[in-house]
Amino acid sequence: MWIYEKRLQYPVRVDTTNPTLAAMIIEQFGGADGELSAGIRYLTQRWTMPTNQAKALLTDIGTEELAHWEIIGTLVWKLVKDATIDQIKGTPFEAHFVNHGKSPFPHNAAGDAWSAKFINSKGDPIADLHEDMAAEQKARATYEWLIKISDDPGVTDTLRFLREREIVHFQRFGEALMIVQEELNRKKYY
Amino acid sequence: MDREQMALLKEIMEVGFLLVETNLYLDTHPEDEKALRLHNTYSQRYDELTSLYEARYGLLTFTGKSGCPWSYINGPWPWEVNFDI
Ligand SMILES: [Fe+2]
Ligand SMILES: [Fe+2]
């Protein structure tokens, strides 16, 4: 089960209203390599993990990804909450606005809705942990593209934090993969 | 949110983050005694800070004890906090 902690994982600062940047950052709210995909992917893969280390790690990284999803939603919200209609009109956020107003919604920057088709759970721990390591690298790369287009120092600061976290997750998943591989080899020979 | 509440919240966020780091590390290094000592120190500090914060400004989690009215609903909610102050 889960208990909500009523605080963000990182202090999200936004310096200027910017609906265009919000529309791009929403990639990490509902895109294929975004935080929602990450959280649901890891939490779903837990049932078939063979070692306690991997069960714990998927639980805890999956939970942290949901905290990242909340950070992304907060970035999007702070970028648009004070926007006037004139500031929204003609920006890429306009199409989002006519369906969702100023509410964040899990779709990607191109407007495609989030889908479980973005993720998998193979029931095979080696395949799953490799997917997870690739997913962390893809999330890192997305953050690097977003950092390149961000002209808001507050937003960039938060994006850098999230990018660093994906690097740490990649490292931990690599360690879990080694542990799982050793366990499977041990079972094969004895 | 006044400066004092902000300072306490930021400290909780910092120690909370250190706990996330020791947590993930310990998941794959459960026998690392140095990391365990760090984790337990942060854990103690986290309990102290959150108890202080919750007594002053309201609950951070629903499992805590509240006076009347129910303080868990107190604003600002996380996405409304202005961290620039
Ligand atoms: Fe993340
Ligand atoms: Fe991650």
Side-chain angles (χ1 to χ4, degrees), chain A residues 1-15 42 49 51-65 67-79 81 102-104 129 153-154 157-158 161 164-165 168-180, chain B residues 1 3 5-32 35-36 39 42-43 46-47 49-64 66 70-85:
Chain A
M1 76 96 69
W2 276 266
I3 292 181
Y4 184 63
E5 274 192 73
K6 213 176 105 191
R7 62 175 182 84
L8 296 176
Q9 194 195 12
Y10 190 77
V12 173
R13 290 184 302 104
V14 165
D15 292 309
Y42 306 149
M49 280 294 143
T51 72
N52 287 337
Q53 290 93 332
K55 289 171 208 177
L57 194 66
L58 282 167
T59 301
D60 298 330
I61 296 183
T63 300
E64 187 183 354
E65 304 295 13
H68 295 171
W69 185 71
E70 184 180 45
I71 288 174
I72 295 290
T74 301
L75 276 175
V76 170
W77 168 244
K78 287 189 171 187
L79 282 163
K81 70 180 169 61
K102 290 177 176 177
S103 175
L129 287 167
D157 174 65
T158 298
F161 168 79
E164 284 299 314
R165 296 310 297 154
V168 172
H169 293 170
F170 175 78
Q171 169 76 22
R172 295 282 97 87
F173 279 132
E175 292 158 1
L177 178 62
M178 304 256 285
I179 293 166
V180 166
Chain B
M1 188 175 287
R3 280 172 184 286
Q5 183 177 358
M6 175 58 66
L8 190 51
L9 177 62
K10 280 190 172 162
E11 209 179 340
I12 286 170
M13 291 169 77
E14 279 167 25
V15 180
F17 177 68
L18 294 171
L19 281 169
V20 168
E21 276 286 75
T22 52
N23 170 22
L24 299 188
Y25 180 82
L26 285 165
D27 284 351
T28 54
H29 306 78
E31 288 167 17
D32 188 318
L36 275 165
H39 179 83
Y42 299 148
S43 172
Y46 194 74
D47 286 348
L49 290 167
T50 51
S51 300
L52 188 64
Y53 186 95
E54 290 189 315
R56 279 191 199 165
Y57 306 112
L59 295 182
L60 289 167
T61 54
F62 77 86
T63 49
S66 169
W70 174 232
S71 68
Y72 178 68
I73 65 167
N74 292 355
W77 276 74
W79 52 90
E80 299 163 344
V81 174
N82 176 11
F83 289 99
D84 285 320
I85 61 165

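Just so it is clear, the structure is predicted and the values come from calculations on it, not from any experiment. As a basis for the values below, the full set of heavy atoms in this structure was taken, side chains included, without hydrogen atoms, waters or symmetry mates. Below, chain A is the first sequence line, B the second, and so on; all start at residue 1.
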**Asked** Which residues pass the side chain to side chain donor-acceptor pair (under 3.5 Å) test with B/Glu54, sequence neighbours left out?
**Response** none
**Asked** With no hydrogens and no angle check, do the side chains of A/Gln53 and B/His29 hold a donor and an acceptor under 3.5 Å apart?
**Response** no
**Item:** A/Lys6 to B/Trp77, cation-pi by 6.0 Å centre distance and 45° axis angle
**Value:** yes
**Prompt:** Where on B/Leu59 is there a heavy atom nearer than 4.5 Å to chain A: the side chain, the backbone, both, or neither?
**Reply:** backbone
**Fill in**
When the 4.5 angstrom heavy-atom criterion is applied to A/Gln171 and chain B, the contacting part is neither
**Asked** Relative to chain B, which segment of A/Lys55 carries a heavy atom at a distance below 4.5 Å: side chain, backbone, both, or neither?
**Response** neither
**Asked** For A/Ile61, is it the side chain, the backbone, both, or neither that has a heavy atom closer than 4.5 Å to a heavy atom of chain B?
**Response** both
**Request:** Would you give the length of the straight line joining atom CE of A/Met178 to atom CZ of A/Phe173, rounded to the nearest 0.5 angstrom?
**Result:** 16.0 Å
**Request:** Check each atom of A/Gln9 against the heavy atoms of chain B and say whether the ones under 4.5 Å are side chain, backbone, both or neither.
**Result:** both
**Complete:** Pair count under 4.5 Å, heavy atoms only, with chain B: among A/Pro11, A/Ala54, A/Ala56, A/Gly154, highest is A/Pro11
Please set out all donor-acceptor pairs under 3.5 angstrom arising from side-chain atoms of residues 10-22 of chain B, sequence neighbours excluded.
unit_1  : atom_1 : unit_2   : atom_2 : d
B/Lys10 : NZ     : B/Phe83  : O      : 3.4
B/Glu11 : OE2    : B/Arg45  : NH2    : 2.8
B/Glu21 : OE1    : A/Arg165 : NH1    : 2.9
B/Glu21 : OE1    : A/Arg165 : NH2    : 3.2
B/Thr22 : OG1    : B/Leu18  : O      : 3.3
B/Thr22 : OG1    : B/Leu19  : O      : 3.1
B/Thr22 : OG1    : B/His39  : ND1    : 2.8

**Request:** Check whether A/Arg13 gets within reach of chain B through its side chain, its backbone, both or neither, counting any heavy atom under 4.5 Å.
**Result:** side chain
**Message:** For B/Tyr25 and B/Asp32, which I'm curious about, is there any donor-acceptor pair between the side chains at under 3.5 Å?
**Reply:** yes
**Message:** Which atoms of B/Thr50 are under 4.5 Å from chain A, going by heavy atoms: the side chain, the backbone, both sets, or neither?
**Reply:** neither
